[in-house]
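Scroll down for the structure; my scribbles are underneath it.
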There are 2 protein chains.
Amino acid sequence: MRKNTFIIKQRAFLKLYMLHEAEKGRLYGLQILENLQNYFKDLGYKPTKSEVYKSLHELLKDGYVTREPIIKEGAEMQTLYIYRIGDREKVKAYKDTVKADLDRSIALLQRALKDNYSQKRG
Amino acid sequence: MRKNTFIIKQRAFLKLYMLHEAEKGRLYGLQILENLQNYFKDLGYKPTKSEVYKSLHELLKDGYVTREPIIKEGAEMQTLYIYRIGDREKVKAYKDTVKADLDRSIALLQRALKDNYSQKRG
DNA sequence: ATATGAACATTATGTTCATAC
DNA sequence: GTATGAACATAATGTTCATAT
């Protein structure tokens with residue numbers, strides 16, 4: 001059953017984009033963060049490091065993504081983690097539920113727009 | 001300056017509807033709550049008493065609405081508070097800023113829809 | 001300095017308790 | 001029981017600290 005909740009949470013929104021990035025492959029945490037920060041800059045939204053990591057960790061724990069440690073080339077020997085998409089059936093089912101929440105959220109906000117900002121006639 | 005925030009908060013959303021109800025006049029807290037709960041039922045959203053009261057109190061404190069105690073007819077002698085719109089100029093300015101946040105939020109969610117659920121061709 | 005991650009702090013919101021009629 | 005409101009508890013998110021290279 002649904003809870004009587006307001007609109008979609010940031011966490012769910014980010015996880016959607018994490019899956020998107022994982023489908024493309026080849027990206028690690030801080031890269032994803034930076035990509036998203038740039039991508040949403042025009043809309044005044046700057047996701048934080050902690051939300052991005054938490055999103056990735058949840059997806060990993062639940063099997064939606066896998067990851068692989070990579071030793072960076074060069075003198076630094078830095079370990080980072082490349083994320084890849086996990087069980088595609090599971091991911092699809094998950095994305096379906098998120099889509100429903102997204103649609104619902106948009107409907108709610110558009111109703112507010114209509115109710116509170118439409119020109120009154122007469 | 002804007003903060004780098006995600007989407008509009010429930011509180012702001014509710015305050016918009018509170019102003020809407022106050023413009024119509026003649027309504028008190030629990031009536032507004034019940035109206036909104038019914039109105040949003042189809043979208044799976046059920047605002048709580050506490051959020052509605054907090055919204056009204058904030059609007060009152062900031063001068064966007066006024067209120068007047070009313071003694072209910074009948075044997076109960078119940079005191080309730082009818083809310084009315086306050087300074088119309090101030091209210092208009094406030095609503096303009098909320099509209100910007102609403103527009104931005106809708107844009108963000110629609111972008112997520114487009115990026116994550118559009119059919120890939122080929 | 002870059003990368004990952006946890007700990008800690010603060011907001012935002014929901015649930016329960018108190019008071020009055 | 002209805003209405004208002006505060007107190008309290010939890011969820012969601014943001015900021016700072018720790019570790020390693």
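Throughout, a chain's letter reflects where its sequence line sits, starting with A, and its residues are numbered from 1. Below, each value reflects all heavy atoms present in this structure, side chains not excepted, and no hydrogens, waters or symmetry copies.
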Checklist outcome for this item: All heavy atoms of K95(A) vs all of N116(B), minimum pair found to be NZ-O, 3.4 Å

Checklist entry - Hey, does Q10(A) reach any base, or is it just sugar-phosphate, or nothing, if we go heavy atoms under 4.0 Å? => result sugar-phosphate

Whole angstroms only, please: what is the [atom1]-[atom2] distance between [X] and [N]?
X: R11(B); N: dT11(C); atom1: CZ; atom2: P; answer: 13 Å
X: F6(A); N: dG14(C); atom1: CZ; atom2: P; answer: 10 Å
X: I32(B); N: dT2(D); atom1: CD1; atom2: P; answer: 18 Å
X: K15(B); N: dT13(C); atom1: NZ; atom2: P; answer: 11 Å
X: F13(A); N: dA12(D); atom1: CZ; atom2: P; answer: 17 Å
X: I70(A); N: dA20(D); atom1: CD1; atom2: C1'; answer: 18 Å
X: K46(A); N: dT13(D); atom1: NZ; atom2: P; answer: 18 Å
X: K9(A); N: dT11(C); atom1: NZ; atom2: P; answer: 19 Å

Checklist entry - In chain order, what residues pass the side chain to side chain contact (heavy atoms under 4.5 Å, CB included) check against Y39(A), with sequence neighbours excluded? => result Y17(A), R111(B), D115(B)

Mind listing the N/O atom pairs, protein and nucleotides 3-7 of chain C, below 3.5 Å?
unit_1 : atom_1 : unit_2 : atom_2 : d
dA3(C) : OP1    : Y28(A) : OH     : 2.1
dA3(C) : O4'    : Q78(A) : NE2    : 2.8
dT4(C) : OP1    : Y81(A) : N      : 3.2
dT4(C) : OP2    : L30(A) : N      : 2.9
dT4(C) : OP2    : Y53(A) : OH     : 2.9
dT4(C) : O5'    : Y53(A) : OH     : 3.2
dT4(C) : O4     : K49(A) : NZ     : 3.3
dG5(C) : OP1    : R67(A) : NH1    : 2.8
dG5(C) : OP1    : R67(A) : NH2    : 2.7
dG5(C) : OP2    : R67(A) : NH1    : 3.1
dG5(C) : O6     : K49(A) : NZ     : 2.2

Checklist entry - Who pairs with Y83(B) by ring pair (Phe, Tyr, Trp, His ring centres under 6.0 Å), at least two apart in sequence or on another chain? => result none

Output all residues satisfying side chain to side chain donor-acceptor pair (under 3.5 Å) with [X], sequence neighbours left out; order by chain, then residue number.
X: Q37(B); answer: none
X: K92(A); answer: D96(A)
X: E21(B); answer: none

